[in-house]
There are 2 protein chains.
Amino acid sequence: MAKNNAKQDLKPISNPKISNSVEDYLKAIWMTAQDGAASTNALAEQLNIAAPSVSAMLSKLQNLEFVVYERYKGASLTESGKAKALELLRRHRLIETFLFESFDYSWDEVHDEAEQLEHAVSSQFIERLATFLDHPTHDPHGDPIPCPNGNLPDTPNTALAEAESGQSFVVARLLSQAADVLSYFAKLGIQPGKELKIIEFEPLGGLVHLLIDDVPRALSKELAMIVRGDIVKTPTV
Amino acid sequence: MAKNNAKQDLKPISNPKISNSVEDYLKAIWMTAQDGAASTNALAEQLNIAAPSVSAMLSKLQNLEFVVYERYKGASLTESGKAKALELLRRHRLIETFLFESFDYSWDEVHDEAEQLEHAVSSQFIERLATFLDHPTHDPHGDPIPCPNGNLPDTPNTALAEAESGQSFVVARLLSQAADVLSYFAKLGIQPGKELKIIEFEPLGGLVHLLIDDVPRALSKELAMIVRGDIVKTPTV
DNA sequence: CTTATAATTTAGGCATGGCTAAAAATAATG
DNA sequence: CATTATTTTTAGCCATGCCTAAATTATAAG
Ligand SMILES: [Mn+2]
Ligand SMILES: [Mn+2]
Ligand SMILES: [Mn+2]
Ligand SMILES: [Mn+2]
């Protein structure tokens, strides 16, 4: 008859199972500010939660020592908070990879499912999953998967918009979580691994003309900022 | 800026995402009573939740029309409640099968993980999973996996305790969720698919002596009631 | 440097799902 | 059938997270 008698000690022994919400907040802080401070509004926006609720949660996270928070000045992760955030990010991206590779999820479907599953899986599950997938370093969007120790694999990060006429560009990553943006890229055939040939940049509007699978296409500057990768001087033969 | 403005209409349009708790209660009612009525205490026991909490939840389930509930007389599932319960059971058992087959989970580890995951996966995930596993009919414990329409595949259900000296018995199912019981069976090599030879039953204590993988073993009557399967008159050659 | 605007916090609620202690109903027993 | 024992419900709390409306504080403009 053990029941739920945890009652909470003053300093929780160690693993009082962080709630889904707390996990998502920590991840959001990391995504918004990495090592800097994330503002209340930015987090409210990211999480789609009203600002006062965020305010309250930031105080709570401070008590849990996941965050350093000063009123009106935003919150930044402590070491322990950062570790939790990266752990969740690892889970999220491994799950996305799995859904994409093994379950034929489309590119813009993986995120929502992973957003839920990330909270439900055990660490045993995650390590078995990593093994099953042969320890991938990047997810289907090209985002780096944090290692168990929190290291982030290197990731090419030159924007397509920074390339020049005549160059080739290998896509490594798409810096967007918006489903409509992602499926638009998918429709164009722009995905990690794909090689693009830049025909030319328009002088003023910033439009870029390029060849995707030998088909001529045009992309706005905004979208060309989202596409990240490497410039290749010597096109593959 | 949609926010969480659902507010709940009088009759919820259709899918206001049932909570984990509600799902677990419905499953517990099904497991405790199938089509009959489950008592408050039985559910409290199953779910490891205090009886007053169960009482409150049963009223709530009645309002949601998942249950017919009369004070002091227990609750029984409505059609809609039963459908939800079987849907969850399907998720649970498919997930257990997956963990066992693809992730090398041991037999007694699958349950706890599935207990969480079952609430987090979408129906898209579940149908992809079913395809991935090639539409299994039974989980690693031999429990039938409900079909999407709620049908339960047939399952051999003769207790080992009902067999007779000299007969062979093919294990199909182990009617227990207790991790210690399951790992004890695992240690003995008793698992779905295994063929046992019954040497003899002790006349009074009910102990059964049998051959498992040609090794002589003894099993108590209690355990022999948990092992379910088919009696085979003609041992395989 | 004052005022208008924007960001953030406080105040006050609400829903969900737990708990314990005490009352009430049902079931079992002499 | 009266009394005890068991089961179940009621009453009263609490924690978590979310919300809106109303301060308050910071920031930007004039
Ligand atoms: Mn999430
Ligand atoms: Mn991703
Ligand atoms: Mn569950
Ligand atoms: Mn099972």
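Below, read A as the first sequence line, B as the second, and so on, with proteins coming before strands; counting in each chain starts at 1.
In terms of position along DNA chain D, the nucleotide closest to A:Ser53 lies nearer the 5' end than the nucleotide closest to the other residue of the pair A:Tyr72 and A:Ser53. Taking the nucleotide of DNA chain C with the nearest heavy atom to each of B:Pro52 and B:Met57, the more 5' of the two is matched to B:Met57. When the nearest nucleotides of DNA chain C are assigned to A:Glu70 and B:Lys73 by heavy-atom distance, the more 5′-ward of the two goes with A:Glu70.
For A:Ser55, counting side-chain heavy atoms from C-beta on, the closest listed nucleotide (D:dG17, C:dG17, C:dT8) is C:dT8. The listed nucleotides are C:dT16, D:dT9, D:dG17; the one nearest the side chain of A:Lys60 is D:dG17.
Nearest heavy-atom pair, A:Pro153 versus A:Ile145, reported as atom, atom and distance to 0.1 Å: CD-O, 3.2 Å. Taking both residues in full, the closest heavy atoms of A:Glu118 and A:Arg91 are given as O-NH1, 2.7 Å, listed atom of the first, atom of the second, then distance.
B:Arg71 has no side-chain polar atom (N or O) that falls below the 4.0 Å cut-off from OP1 or OP2 of C:dA24. B:Asn41 has a side-chain polar atom (N or O) that falls below the 4.0 Å cut-off from OP1 or OP2 of D:dT8.
Of the possible polar contacts, one joining the A:Ser183 side chain to the A:Ala179 backbone as a donor-acceptor pair under 3.5 Å is found.
Defined by atom type and a distance below 3.5 Å, a donor-acceptor pair is present between the side-chain atoms of B:His119 and B:Asp24.
At a non-hydrogen distance threshold of 4.0 Å, B:Ser21, B:Tyr25 from residues 21-40 of chain B come into contact with DNA chain C.
Between B:Arg173 and B:Asp143 there is a salt bridge, since at least one side-chain N of the basic residue sits less than 4.0 Å from a carboxylate O of the acidic one.
If you look at A:His111 and A:His141, their ring centroids are not closer than 6.0 Å.
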